[in-house]
Amino acid sequence: MGSKKESNFLNMVLTLSLVAIIAALALGGVYVVTKAPIALAKKKKLEAAIKKVLPEFDSISTKKFLPPGGGDSLTFYIASMKGKTVGSAIKTYTMKGFGGRIDIMVGMLNDGTINNTAVLSHKETPGLGDKMDIKKSDFSVQFRKKNPSSFKLKVTKDGGDVDAITAATISSRAFCDALTRAYDTFESQQANLNLDNK
Amino acid sequence: MNKFTISGSPHIKSDESTKKIMYGVVFAMVPAMLVSIYFFGFQAIRVLVLASIASLFFEWVIQKYLIKGPVTIDDGSALVTAILLAFNVPSNLPSWMIIIGALIAIGMAKMSFGGLGRNIFNPALVARVFLLISFPVQMTSWPKPEGFSIGLSDATTGATPLGIVKEGLGAGKTMSQLKPEIPTYIQDLMGQMGGSMGEVSAIALILGGLYMLWKKIITWHIPVAMLGTVVVFTSILWGIDSEHFADPVFHLLTGGMLLGAIFMATDMVSSPMTHGGQIVFGVGIGILTVLIRVWGAYPEGVSFAILLMNAVVPLINKGFKPKRFGLKPAVSKKS
Amino acid sequence: MEYFVIIIGSIFVSNIVLTQFLGICPFLGVSGKLSTSIGMGGAVLFVITIATMFTWLMQHYVLNPLGLEFMQTIVFILVIAALVQMVEIILKKISPSLFQALGVFLPLITTNCAVLGVAILTVQKDFNLLEGVVFAMSNAIGFTLAIVLFAGIREHLDIMDIPKQMKGMPIALLTAGILALAFMGFTGLV
Amino acid sequence: MNQLQNFTKGFIKENPVFILLLGMCPTLGVTTSAVNGLGMGLATTFVLVMSNLAVSLIKDFIPDKVRIPAFIVIIATFVTIVELSMQAYTPALFESLGLFIPLIVVNCIVLGRAEAFASKNNVLSSIIDGLGMGLGFAFALTLLGSVREFLGGGAIFGLKVIPGDLMLVFVLAPGAFIVLGYLIAIINRLRKA
C-alpha cells in the first residue's frame with residue numbers, strides 16, 4: 001500500500017463498480033430495515049389527525065370522492081364504533097392560501113356538523129397565516145360543533161360568520177374554502193356514504 | 001485603494017452643499033408635517049419627535065463608537081431619514097417599534113454601508129418594509145384622520161383606500177359598489193383618508209415637490225417618469241374594465257404614490273446619476289408599483305417598487321454611463 | 001395560464017436564491033463581477049434544464065417502476081455529475097466559443113445545490129415533463145436575475161468605503177437580506 | 001497537529017460557516033429555529049464523519065481519476081441512510097428540514113473534507129476531523145437558529161421567553177441573510193481583537 005493505484009481503465013471500472021455495489025447493498029439493507037418504521041410513522045401521523053377530529057371509534061373505511069366544484073378528489077375516512085358510523089374525517093385542501101396549497105383534515109359528524117379540524121400542511125406566513133394551526137392560535141376553535149348549514153363558512157368581511165385572523169384575511173378565506181369543499185362533497189355524496197343518520 | 005479617484009453617487013464636494021440640500025428637503029416636508037399634525041394630533045408629534053431623536057442618536061453612537069470616524073449628525077441627512085420614516089408609518093405605531101425602525105434605517109440600511117452616499121437602498125424605505133413585514137398588524141391599523149386631538153388614546157382605525165379596494169375586489173365586489181366606501185378625490189387631496197402619517201395629503205406633498213424643483217434639489221425626471229407610467233398603465237387597465245380596476249386618478253392620489261415619487265424615489269444617493277437613467281428608474285418603479293398594487297398580496301407597492309429599483313441602479317448607471325472615446329463596450333474593466 | 005403561474009412564481013414570488021436559499025454558494029461566490037455572474041447564470045440555465053429533464057425521465061421510467069424511490073438522491077447526483085462532464089466534453093467539440101464562455105463554471109455546478117434542488121422539487125411537485133422543464137428554466141432565470149442584480153450592487157460596493165468589519169461577506173449578506181426584503185413585495189402575485 | 005487541535009479547529013479557527021463560508025444553503029435555509037439548526041447540524045455531522053471514515057479507509061484503493069465520482073457515491077449513500085432513518089424515527093424534524101436533507105450531498109463541506117483531509121490522512125485523524133468540522137457546523141447553525149428564533153418569536157429551543165411575536169422578519173428569508181451577515185461581522189471583529 002502507501003502508493004496509489006494506477007489509473008488504468010480496468011482499475012477505474014473495477015473500483016467504481018465495487019464502490020457502487022457496496023453502496024447499493026448498504027442502501028438496500030437500510031431501506032429494508034427502515035421500511036416498516038417509515039410506513040408506521042406515516043400511518044401514525046394520519047391516525048393522529050383522524051383521532052383528533054373525530055369522536056372515539058374502533059374501525060375506519062376509506063373512500064374517495066370528487067368534490068362537486070371540480071378539482072382533486074377528497075379522501076373520506078369513515079369511522080365507526082361498534083358497527084355504527086360516528087363520523088367522517090375528510091382530507092380536504094385549498095389552493096387559495098397565501099403560500100399556495102393548504103391541506104386540512106375535517107371531522108364531520110353524520111349530520112354534517114364540524115367536530116374538529118386539523119391543519120396537515122401549509123406554507124402560510126409565520127406569525128400571520130400560520131395562526132390557523134391550533135398550536136399557534138385559537139382561530140380554528142370557532143369551527144367546532146358548528147354546522148355549515150347554519151354557520152356561514154365565510155369571513156365576516158364577506159358576510160359570513162367566521163372571525164378572520166387579524167391581518168391574514170387571505171389565509172382565513174382559504175381555510176373556509178377548504179372546509180366548504182369538504183362540506184359540499186359530504187352533502188353531495190350523502191347517498192354513497194352509508195351513514196347511520198338516525 | 002483608489003477611493004479618491006472613483007466614488008459612487010452623489011459626488012458631493014463639500015459638507016456645506018450637503019447640508020443645504022438636506023435642510024432644503026426638510027423644509028419641503030414642512031407642509032406635509034403640518035397636515036399630519038392637524039389630522040393625527042399629538043400622536044403625529046410623538047412619532048416625528050421620537051423618530052428624529054432615535055435616528056440622530058443611533059447615527060451619533062455608530063459614528064462615534066463603531067466606525068470611529070467624524071460625527072456628522074448635523075448634516076441633516078439623518079433628520080431627513082427620520083422624517084421620512086415617520087411619514088411612512090401609522091401615527092399610532094407603538095414607540096418601541098418606531099425606535100426599531102430608526103435603528104434599521106440608520107444602523108442597517110445606512111451606517112452598515114459606510115454612511116451617507118454609500119447606501120444602496122433608501123434607508124427610510126428599508127425600515128418601512130422591515131416594520132411592515134415584522135409587525136403586519138400594527139403597521140396596517142390606520143387611525144382615521146379626524147382633526148387635531150391631544151389624546152394619546154387609540155383613535156378609531158380604518159383601512160386605507162387602497163386596502164378597501166383590494167379587499168373589496170378580492171371579495172368579488174365591483175368598483176361602483178365600492179365607490180361609497182372610498183374617500184372622494186377632494187378628500188384625497190386634502191388628506192382626509194386613512195394612511196401613513198405623511199402620505200395623506202396630496203396638496204401638501206405637491207407643494208413640497210414644487211419647492212424642491214424650484215430650489216433645484218430634485219429634477220423632474222424621476223417623479224414624472226414614475227407617475228406618468230402609473231397613469232398610462234392604470235388607464236389601460238381601467239379602459240379595459242372599469243369595474244375591476246381602479247381609475248388612474250385614484251392610483252395617483254392614494255397610498256404612498258406621491259410621497260414616494262417626490263421624496264423617496266428622488267433620493268439622490270440611491271437613484272441613477274444621469275437623466276436617461278432616472279427616466280428608466282422612474283418607469284421601472286411605476287410598472288412594479290402597479291403590478292404589486294393590482295395583482296400582489298400587499299395593497300401598496302410603492303415602497304417595494306422603489307427598493308427593487310434601488311437594486312437595479314448600479315446596472316442602470318452602467319448602461320447610461322457616458323461612453324469614453326475608443327473604449328470597447330466590454331463589461332468587466334474594473335478594479 | 002398554468003405555465004404563466006409557474007414562470008412568474010419561480011422567477012419573482014419564490015425566487016430560488018432569495019426565498020428558497022438554493023444556489024447560495026455561487027450567488028455569494030461568483031457575484032463579484034458582472035461578466036462572470038452572467039456567465040454563471042448562462043451555465044446554470046443550461047445545466048438545470050438538461051438535468052431536470054434527465055432526472056425526471058429517470059424518476060418516472062426507472063425509479064418509480066422499480067420501486068427504488070429511496071435511491072433518488074444518489075441517482076440524481078450521479079446523473080447530474082455525469083451530465084456536467086458530458087456537457088463539458090460535447091461543448092468543447094461542438095461549440096468552442098460557448099465552451100469558453102461557460103467552461104470555467106461547469107465544474108462548479110455539480111455542487112450547486114440549485115441543480116439538485118430543482119430536480120428534486122420538480123418530482124415533489126408532481127409536474128409533467130414539460131411543466132418540469134418550464135419550472136427548471138424559470139428557476140434558472142430567477143437565479144440569473146438575482147445573481148446579476150447582486151453583481152451590479154457588489155461592483156458598486158467595491159468602490160465604496162465600507163466599514164472594515166462589514167467588508168466582504170457581511171455586507172454581501174446584508175445586501176442580499178435587503179434584496180430579499182424587497183422581493184417580498186412580489187408575494188401573492190400569482 | 002495533535003488530535004485535540006484537530007478536533008477543536010472546526011469550532012472557531014476554521015469554522016465552516018463563519019470563517020470558511022461553506023455550506024451556506026442549509027445554513028440560511030433551515031435555521032428558522034434552534035432545534036432545526038441543531039438537527040440539520042447533527043445530520044450533516046453524521047454524514048461528514050462516516051464519509052471521512054469511508055474515504056480514509058479506501059483511499060489507497062481508488063485510482064486518482066475516479067476519485068471524485070467514488071466520493072460522491074459514498075457521500076450520497078450516507079445521505080440516503082440519514083434520510084431514511086430520519087423519516088422513520090424523527091418524522092417531524094424530517095418534514096421541517098425537507099429538501100435540505102437530500103441536499104447535504106452537495107454541501108461543499110462534506111466533499112471538501114473528503115477531498116482535502118480524509119483522502120490524505122489516517123482513519124483516526126479523519127474521523128476526528130469530520131467530528132470537529134461537523135460539530136462546528138452544528139454549533140454555527142444552532143447559534144443562528146437561536147438568534148432568529150429569539151428575535152422572531154421571543155423563544156429559544158421552543159421555550160417562550162417573551163410573550164407574543166417579536167419581529168417576524170427574522171423567521172422569514174430576509175432575516176436569515178441579515179442575522180448571518182451581522183454574526184460574521186461580529187466574529188470577524190472578535191477574531192481581530
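Nothing here was measured: the structure is a model prediction, and the numbers come from that model.
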Contact class of C:Gln20 relative to chain D, heavy atoms under 4.5 angstrom: backbone

Contact winner vs chain C - D:Leu28, D:Ile72, D:Leu99, D:Ile186, heavy-atom pairs under 4.5 Å: D:Leu28

Surrounding NZ of D:Lys120 (heavy atoms of other residues, nucleotides or ligands, distance under 6.0 Å), is the total greater than 12? yes

Of the backbone (N, CA, C, O) and the side chain (C-beta and beyond), which part of D:Val105 lies under 4.5 Å from a heavy atom of chain C, both, or neither? side chain

Measuring only between side-chain heavy atoms, which start at C-beta, is D:Pro174 closer than 4.5 Å to C:Met184? yes

Working to the nearest 0.5 Å, report the span between CD1 of C:Ile120 and CD1 of D:Ile101. 11.0 Å

Most heavy-atom pairs under 4.5 Å with chain D, out of C:Leu18, C:Val115, C:Ile171, C:Thr73, belong to C:Thr73

With heavy-atom distances below 4.5 Å as the criterion, would you say the side chains of D:Val106 and C:Ile80 are in contact? no

Tell me, for C:Leu28 versus chain D, whether the close heavy atoms (under 4.5 Å) come from the side chain, the backbone, both or neither. side chain

Less than 4.5 Å to any heavy atom of chain C: does that hold for the side chain of D:Ile184, its backbone, both, or neither? both

Under 4.5 Å from any heavy atom of chain C, what part of D:Val30 do you find: side chain, backbone, both or neither? neither

Quick check on C:Phe54: does its CZ atom have over 12 non-hydrogen neighbours (other residues, nucleotides or ligands) under 6.0 Å away? no

Counting neighbours of CD on C:Gln85 that are heavy atoms of other residues, nucleotides or ligands and sit closer than 6.0 Å, is the number greater than 12? no

If you count heavy-atom pairs within less than 4.5 Å of chain D, which of C:Gly23, C:Gly168, C:Gly177, C:Ala182 leads? C:Gly177

Chain C contact via D:Leu84 - which portion, at a heavy-atom distance below 4.5 Å: side chain

Shortest non-hydrogen contact from C:Cys25 to D:Met24? SG-N, 4.1 Å

What distance do D:Thr80 atom OG1 and C:Ile74 atom CD1 have between them, rounded to the nearest 0.5 Å? 5.5 Å

Any C:Leu174 side-chain heavy atom under 4.5 Å of D:Ile178 side chain: yes

Please give me the minimum heavy-atom distance between C:Pro170 and D:Gly181, naming the atom from each residue. CB-O, 3.5 Å

Looking only at non-hydrogen atoms, find the nearest pair between C:Phe21 and D:Gly29 and report the distance. CD1-CA, 3.3 Å

Top of C:Gly117, C:Ala114, C:Ala82 for chain D proximity - count of heavy-atom pairs under 4.5 angstrom: C:Gly117

C:Ile24 vs D:Phe177, test: side chain to side chain contact (heavy atoms under 4.5 Å, CB included). Steps then yes/no. CA-CA 11 Å; C:Ile24 299 282; D:Phe177 289 108; 4.0 Å; yes

Less than 4.5 Å to any heavy atom of chain C: does that hold for the side chain of D:Ile75, its backbone, both, or neither? neither

Sort D:Thr77 into side chain, backbone, both or neither according to what part of it lies under 4.5 angstrom from a heavy atom of chain C. both

So do D:Phe100 and C:Leu22 actually touch side chain to side chain, heavy atoms under 4.5 Å? yes

Would you indicate whether C:Lys93, at its atom NZ, is surrounded by more than 12 heavy atoms from other residues, nucleotides or ligands within a distance under 6.0 Å? no

Taking a cut-off of under 4.5 angstrom between non-hydrogen atoms, the residues of residues 39-49 of chain D near chain C are none

How many angstroms lie between NZ in C:Lys164 and CG in D:Asn188, if you round to the nearest 0.5 Å? 11.5 Å

Using non-hydrogen atoms and a 4.5 Å limit, figure out which bit of C:Leu78 sits close to chain D: side chain, backbone, both or neither. side chain

D:Glu83 portion near chain C, given a 4.5 angstrom heavy-atom threshold: side chain

Grab the two heavy atoms, one from C:Cys113 and one from D:Leu103, that are nearest each other, plus how far apart they are. O-CD2, 3.9 Å

